[in-house]
**Q** 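Please find one structure pasted underneath; my questions will follow.
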Amino acid sequence: MYHPDQIEPKWQKKWADDGLYHADIDPEKPKFYALTMLPYPSGDLHIGHWYAMTPSDARARFKRMQGYNVLFPIGFDAFGLPAENAAIQRGIHPKSWTYSNIENMRRQLKSMGAMFDWRREAISADPSYYRWTQWFFIQFFKNNLAYRKEAAVDFCPNCNTTLAREQVQGEDRHCERCGTPVIKKNLTQWFFRTTNYAEELLDFSDMDWPEQVQTLQTNWINRSEGASVIFKTEQGDQIEVFTTRPDTLWGATFMVLAPEHPLVSKITTPEQQTEVAAYREQAEHMGDIQRESTDREKTGVFTGGYAINPVNNERIPIWIADYVLMGYGTGAIMAVPAHDQRDFEFAQKYALPIVVVIQPSDVAPIHLDEMDAAVPASGEMVNSGPLTGTPGEQAFDQAVAYIQQKGVGERAVNYRLRDWLISRQRYWGAPIPIVHCPHCGPVAVPDDELPVELPEDVEWLPTGESPLKLHPTWRNTTCPQCGGPAERETDTMDTFMCSSWYHLRYLSPDYDQYPFDPAEYDYWMPVDTYTGGIEHATMHLIYTRFFHKACRDLGITKGKEPMRQLRNQGMVLGEDNEKMSKSRGNVVSPDDLVQAYGADTVRAYLMFFARWELGAPWNSSGIEGSVRWLRKVWYTFLEPARNSQSANPEILRTVRRKVHQTLESVTRDFETLGFNTVVSGLMELLNELNTAKSAGAFGTEAWAEAESLYLRMLAPICPHIAEELWERTGHAYSIHDQAWPEVDEEAAKEDEITLIIQVNGKLRDRLTVPVNISADEAKVAALASENVQPFLEGGEPKKVIYVPGRLVNIVV
RNA sequence: GGGGCAGUGGCGGAAUGGCAGACGCAACGGACUUAAAAUCCGUCGGUAGUAGUACCGUGUGGGUUCGACUCCCACCUGCCCUACCA
């Protein structure tokens with residue numbers, strides 16, 4: 001009988017004792033770095049973790065059997081808010097909460113039977129880890145990739161911390177972690193210059209990443225081509241604007257600044273002072289959700305000031321309006337009401353002039369008094385001074401050339417991507433290693449004083465303030481530069497900073513000279529296959545790419561990208577087709593499943609029940625199929641047959657053919673991460689083998705080969721049962737050290753094929769013919785078919801198409 | 001408003017432009033059993049027919065092709081991302 005509860009712990013212990021999955025540098029072997037996104041130690045391993053990790057493990061095991069030296073590490077993204085919330089709510093220290101969770105999750109992870117090399121485990125909350133997170137920060141700081149500025153930033157009132165732009169999501173602009181709508185706050189925060197890399201981050205060449213992730217990142221970065229144009233106020237101040245439509249410059253009849261624009265107070269005339277101040281006040285207090293809602297009627301006020309349109313020297317009024325955002329572009333726009341809907345609405349409401357300067361050829365001649373909407377299309381330039389008459393296709397380039405020649409602007413590219421805000425006003429994170437000195441300003445903590453350790457004796461007060469700020473002594477220090485009294489930065493780093501480089505720490509988690517051992521780096525990097533959820537497309541996956549490129553420019557890392565191939569798994573939903581959650585009561589516990597069925601069954605089912613990249617709702621009866629399969633595997637190979645060795649050569653030939661055909665498809669599907677068809681292929685083969693077994697194939701040479709190949713193909717998916725059967729069928733330990741079998745092309749070949757006979761593309765007959773049938777023979781056979789005759793109606797076919805080895809299509 | 005992905009039996013899914021529904025779940029019928037579980041055998045897209053078989057069928061409508069689940073165009077539905085982005 002198959003008893004997974006007996007064999008699984010036994011083999012897990014033996015593999016661990018033998019160090020079977022230790023991955024060490026071996027220059028003789030090609031390397032393969034397989035990486036699965038590291039989990040947050042929330043306390044319990046979710047079925048989603050199993051869904052993410054066990055297929056990745058199977059793929060890594062497959063690569064290992066193919067002869068690669070495979071590194072498949074694991075660790076914990078151990079800093080973060082839930083730990084701190086547990087501290088506030090239940091009085092448990094985040095450290096003990098986190099580390100006891102890690103202990104439990106380690107046990108759960110080990111129950112998977114995955115080939116993790118535990119010697120390489122890295123925990124981002126260990127001082128030996130975050131010492132280097134801090135070290136990276138300092139490298140960025142010293143090289144002007146980290147800077148501090150005051151800005152209106154997103155703040156989660158529930159988590160009591162600022163967030164990066166990427167961590168604010170959805171229409172209601174809610175916090176990525178807790179779902180609370182964020183508010184804007186003016187704060188001085190640390191940023192990384194991700195925007196320096198905007199252009200490079202758009203380049204996905206030589207990367208095998210899903211189209212969807214490329215699209216998400218490309219849209220997130222949102223490159224737009226246009227021109228930057230300098231307008232001057234009547235007092236001579238410059239106002240720079242970005243426009244994607246330089247060809248509409250002659251139609252710019254007013255300017256709009258964001259209410260927060262620094263020039264507003266200077267431009268505003270005394271008469272307009274009160275109104276402008278009131279509007280700015282109102283804009284400041286209005287939530288972002290309200291302010292950014294598109295359907296709200298546009299509002300604004302006149303500043304009293306005027307600018308000069310640099311192409312036609314027209315005097316145009318300067319307004320402020322909250323539909324212009326300080327955070328995008330320059331916070332100022334030239335308004336072209338005739339050709340931009342927003343500007344059009346604004347101009348209508350406030351009776352501002354509208355001038356048509358573009359006449360698209362497929363639009364009836366535009367008359368000002370008949371306009372009820374802007375005409376955003378491009379077309380021939382009209383009313384545009386020297387450029388009047390320029391055809392639509394040339395308008396953009398001609399306009400840019402014109403402003404460049406006049407020295408009032410130039411071609412420009414703008415991105416929506418913002419710099420990465422990394423300050424968090426929380427305790428449980430890596431402290432930002434900066435000392436604020438009243439004389440020297442912000443000064444980096446010297447390398448030999450790293451890590452800046454988190455003090456453990458902190459108090460939890462429900463004030464929303466970081467305990468680091470409230471700590472009586474920790475803040476006080478001396479300036480590393482001048483030696484005078486100074487204060488430590490009390491903000492910690494975004495945990496995405498920790499996870500931007502964990503793949504490097506896995507290489508040498510105990511190394512203390514550098515973030516990683518360069519020898520390990522040179523051997524293992526880049527990551528060959530990276531797997532994880534698509535929800536990280538515009539967060540972690542952008543950050544880690546930025547991090548790699550920034551480090552490359554500092555001489556720390558090498559190569560263009562950190563991860564060569566990326567694959568995303570889908571999500572396992574509850575049986576009710578809803579996202580699993582405790583409150584819905586639809587959570588599936590992997591611990592319970594392992595207890596009931598064994599890890600191998602859970603692994604097999606997770607790989608079989610859905611397309612991995614799509615995921616599907618859980619089906620608790622579906623897992624029965626995987627249980628039955630493994631039970632069947634067990635007795636197929638272990639229970640001798642009464643009629644052993646009595647099969648005829650025909651049967652044995654068929655056995656060999658099926659085995660090698662399956663090996664071919666399984667190999668291909670493992671390569672492409674098509675796990676569901678790997679499993680179904682093996683199920684199918686097992687059915688065939690049982691047919692052959694009842695026909696007397698058991699105990700033959702062909703059977704022995706089938707057994708050996710079957711178990712090896714099974715090994716990556718169900719490592720325990722494969723090892724057990726490998727031993728029980730008399731093979732030497734360990735199956736996981738065996739080579740992936742080679743396909744015997746000769747054995748896989750078919751002798752006969754089923755030739756499909758179609759008439760006008762419709763199936764009419766199937767003929768069994770020799771595989772090497774000639775085209776003429778095939779056509780003759782097809783035309784002779786009884787099922788075809790009635791359709792010929794005695795006449796000659798118009799055309800007969802023969803697809804070698806497949807079909808004959810008769811066109812009548 | 002913009003962009004992306006998906007749509008195949010009761011369900012999950014399979015199918016280099018060439019036999020639609022492999023494999024599995026559920027369901028139904030049968031064998032074994034005192035009984036149950038386990039296991040085994042069989043049926044399982046729709047309509048008509050005892051049957052051979054015929055017709056219909058991969059969200060809808062067109063197109064390309066000897067031939068379309070697959071490629072192209074338009075649309076519908078669902079999900080995801082994004083959004084006064086200048």
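Residue numbers start from 1 in every chain, and the chains themselves are labelled A, B, ... in the order their sequence lines are given, proteins ahead of strands. The analysis underlying the following values was restricted to heavy atoms, covering all of them including side chains, and did not include hydrogens, waters or symmetry mates.
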**Q** Between the protein and nucleotides 53-57 of chain B, are there any N/O to N/O pairs under 3.5 Å, and if so, what are the atom names and distances?
**A**
unit_1	atom_1	unit_2	atom_2	d
B:rC55	OP1	A:R764	NH2	3.3
B:rC55	OP2	A:R764	NH1	3.2
B:rC56	OP2	A:K762	NZ	2.8

**Q** Applying the Watson-Crick and G-U wobble criteria at under 3.5 Å, what pairs with B:rA27? Answer none if nothing qualifies.
**A** B:rU43
**Q** Is the glycosidic angle of B:rG9 within 90° of 0, making it syn, or outside that range, making it anti?
**A**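 Syn conformation here, the glycosidic angle of B:rG9 being no more than 90° from 0.
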**Q** Which pair of heavy atoms, one from A:Y51 and one from A:A610, lies closest together, and at what distance?
**A**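 The pair with the smallest heavy-atom distance is OH-CB, 4.0 Å.
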**Q** So does A:R806 get a side-chain nitrogen or oxygen closer than 4.0 Å to the phosphate oxygens (OP1/OP2) of B:rG67?
**A**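 For A:R806, the contact criterion (side-chain N or O under 4.0 Å from OP1 or OP2 of B:rG67) is not met.
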**Q** Checking side-chain polar atoms at under 3.5 Å, does A:N619 have a donor or acceptor matched by the opposite partner on A:S621?
**A** yes
**Q** Side chain of A:Y328 only, please: which of B:rA86, B:rC84, B:rC23 is the nearest?
**A**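 Output: B:rA86.
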**Q** Got a sec? Which of residues 657-679 of chain A come in under 4.0 Å of RNA chain B, heavy atoms?
**A**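 Contacting residues: A:N676, A:T677.
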**Q** Give the rounded distance in Å between these two atoms: CE of A:M571 and P of B:rC80.
**A** 9 Å
**Q** Where do N or O atoms of nucleotides 64-66 of chain B meet protein N or O atoms at under 3.5 Å, pair by pair?
**A**
unit_1	atom_1	unit_2	atom_2	d
B:rC66	O2'	A:N809	ND2	3.4
B:rC66	O2	A:N809	ND2	2.4

**Q** Ring centres of A:W319 and A:F346 under 6.0 Å apart?
**A**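 Yes.
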**Q** Could you please name the partner base of B:rU70, counting Watson-Crick and G-U wobble pairs only when both distances are under 3.5 Å?
**A**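 The answer is none; no pair meets the criterion.
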**Q** Can you tell me which residue pairs pass the side chain to side chain donor-acceptor pair (under 3.5 Å) test with a partner in residues 800-812 of chain A, sequence neighbours excluded?
**A**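 Residue pairs with at least one partner in residues 800-812 of chain A: there are none.
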**Q** Give a yes/no on whether any side-chain N or O of A:R628 is located under 4.0 angstrom from OP1 or OP2 of B:rC40.
**A** no
**Q** Output side-chain donor-acceptor pairs under 3.5 Å for residues 665-673 of chain A, partner residues at least two apart or in another chain, one line each.
**A**
unit_1	atom_1	unit_2	atom_2	d
A:S665	OG	A:T662	O	3.1
A:T667	OG1	A:L663	O	2.5
A:T667	OG1	A:W740	NE1	3.0
A:D669	OD2	A:T677	OG1	2.9
A:E671	OE1	A:K63	NZ	3.0
A:E671	OE2	A:R59	NH2	3.4
A:E671	OE2	A:K63	NZ	3.1
A:T672	OG1	A:R668	O	3.3
A:T672	OG1	A:D669	O	3.3

**Q** Which is true for A:W629 with a 4.0 Å heavy-atom rule: it touches a base, it touches only sugar-phosphate, or it touches nothing?
**A** nothing
**Q** Expressed as a whole number of Å, how far does the C1' atom of B:rC73 sit from that of B:rC84?
**A** 32 Å
**Q** Listed by chain and number, what are the salt bridge (Lys or Arg N to Asp or Glu O under 4.0 Å) partners of A:K749, not counting sequence neighbours?
**A**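 For A:K749 the salt bridge (Lys or Arg N to Asp or Glu O under 4.0 Å) partners, ignoring immediate neighbours, are A:E746.
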**Q** Is the ring pair A:Y2/A:W634 parallel, tilted or perpendicular, if the boundaries are 30 and 60 degrees?
**A**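 Rings of A:Y2 and A:W634: tilted, as their planes differ by 30° to 60°.
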**Q** Considering only B:rA83, B:rA22, B:rG13, which nucleotide approaches the side chain of A:S680 most closely?
**A** B:rA22
**Q** When you compare B:rG10 with B:rC5, how far apart are their C1' atoms, in angstrom units rounded to a whole number?
**A** 26 Å
**Q** Rounded to the Å, how far apart are A:E345 CD and B:rA86 C1'?
**A** 14 Å
**Q** For A:A610 and for A:R766, locate the closest nucleotide of RNA chain B by heavy-atom distance; then report the residue assigned to the nucleotide nearer the 5' terminus.
**A** A:A610
**Q** Which sits closer to the 5' end of RNA chain B, A:V627 or A:F242, going by the nucleotide each is nearest to?
**A** A:V627
**Q** Using only side-chain N and O atoms of A:R165, determine if any of them is under 4.0 Å from OP1 or OP2 of B:rA83.
**A** yes
**Q** Who does B:rA14 pair with, Watson-Crick or G-U, both distances under 3.5 Å?
**A** none
**Q** According to the Watson-Crick and G-U wobble definitions, with both distances under 3.5 Å, which nucleotide is paired to B:rA6?
**A**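 Result: B:rU77.
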**Q** Does a nitrogen or oxygen in the side chain of A:Y635 sit under 4.0 Å from OP1 or OP2 of B:rC40?
**A** yes
**Q** Which heavy-atom pair separates A:M334 from A:A252 by the least distance, and what is that distance?
**A**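 Reported closest heavy-atom pair: CB-CB, 4.0 Å.
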**Q** Is the shortest side-chain N/O distance from A:R342 to OP1 or OP2 of B:rC85 below 4.0 Å?
**A** yes
**Q** Let's see if you can work this out: which of B:rG4, B:rG13, B:rC23 has an atom nearest to the side-chain heavy atoms of A:T215?
**A**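 The closest nucleotide is B:rG4.
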**Q** So what's B:rU34 paired with, Watson-Crick or G-U wobble, going by both distances under 3.5 Å?
**A**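 Check on B:rU34: unpaired, no WC or wobble geometry under 3.5 Å.
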**Q** For B:rA51, give the paired nucleotide (Watson-Crick: N1-N3 plus N6-O4 or O6-N4; G-U: N1-O2 and O6-N3; both under 3.5 Å), or none.
**A**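 Its partner is none (no Watson-Crick or G-U wobble pair with both distances under 3.5 Å).
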**Q** Just the rounded figure in Å: distance from P of B:rC79 to CG of A:N577.
**A** 11 Å
**Q** Now, which nucleotide makes the Watson-Crick or G-U wobble pair with B:rC84, with each of the two distances under 3.5 Å?
**A** none
**Q** Between A:K184 and A:D154, is the closest basic N to carboxylate O distance under 4.0 Å?
**A** yes
**Q** Round to a whole Å and report the spacing from CG of A:L257 to P of B:rC85.
**A**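 Nearest whole value for this atom pair: 17 Å.
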**Q** Assess A:R416 against A:W220: is NZ or CZ under 6.0 Å from the centre of the six-membered ring, and within 45 degrees of the ring's axis?
**A**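 That pair qualifies as a cation-pi contact.
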**Q** In whole angstrom, give the distance that lies between atom CD1 of A:I221 and atom C1' of B:rA83.
**A** 17 Å
**Q** Go through B:rA83, B:rC40, B:rG4 for me and flag the one nearest to the A:R416 side chain.
**A**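 So the nucleotide nearest the side chain must be B:rA83.
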**Q** Examine the side chains of A:K693 and A:N643 and answer whether a donor and an acceptor come within less than 3.5 Å of each other.
**A**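 Short answer, no.
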**Q** Using a 4.0 Å heavy-atom cut-off, does A:N414 contact any base of the nucleic acid, only the sugar-phosphate backbone, or nothing at all?
**A**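 No contact.
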**Q** Okay, side chain of A:D343, backbone of A:A338: is any donor-acceptor separation there less than 3.5 Å?
**A** no
**Q** Grab the CD1-P distance between A:I333 and B:rC84 for me, whole Å please.
**A**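 The distance from CD1 of A:I333 to P of B:rC84 comes to 13 Å, rounded to the nearest Å.
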**Q** Looking at the side chain of A:N222, which of B:rG3, B:rC85, B:rG13 is the nearest nucleotide?
**A**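 That would be B:rC85.
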**Q** Measure from the ring center of A:F637 to the ring center of A:Y710 and say whether it is less than 6.0 Å.
**A**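 Centroid separation for A:F637 and A:Y710: below 6.0 Å.
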**Q** Report the distance from atom CE of A:M607 to atom C1' of B:rA14, rounded to the nearest whole Å.
**A**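 Nearest whole value for this atom pair: 19 Å.
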**Q** After noting the C-alpha distance and the side-chain angles of A:Y605 and A:W629, does the key distance pass the ring pair (Phe, Tyr, Trp, His ring centres under 6.0 Å) rule?
**A** CA-CA 10 Å; A:Y605 185 56; A:W629 173 48; over 10 Å; no
**Q** Please give, in whole Å, the distance from B:rG1 C1' to A:D340 CG?
**A**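 Whole-Å distance recorded here is 13 Å.
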**Q** B:rU39, OP1 or OP2 - any side-chain N/O from A:R631 closer than 4.0 Å?
**A** yes
**Q** Would you compute the distance between atom CD1 of A:I810 and atom CG of A:L783 and round it to the nearest 0.5 angstrom?
**A**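 Answer rounded to 0.5 Å: 4.5 Å.
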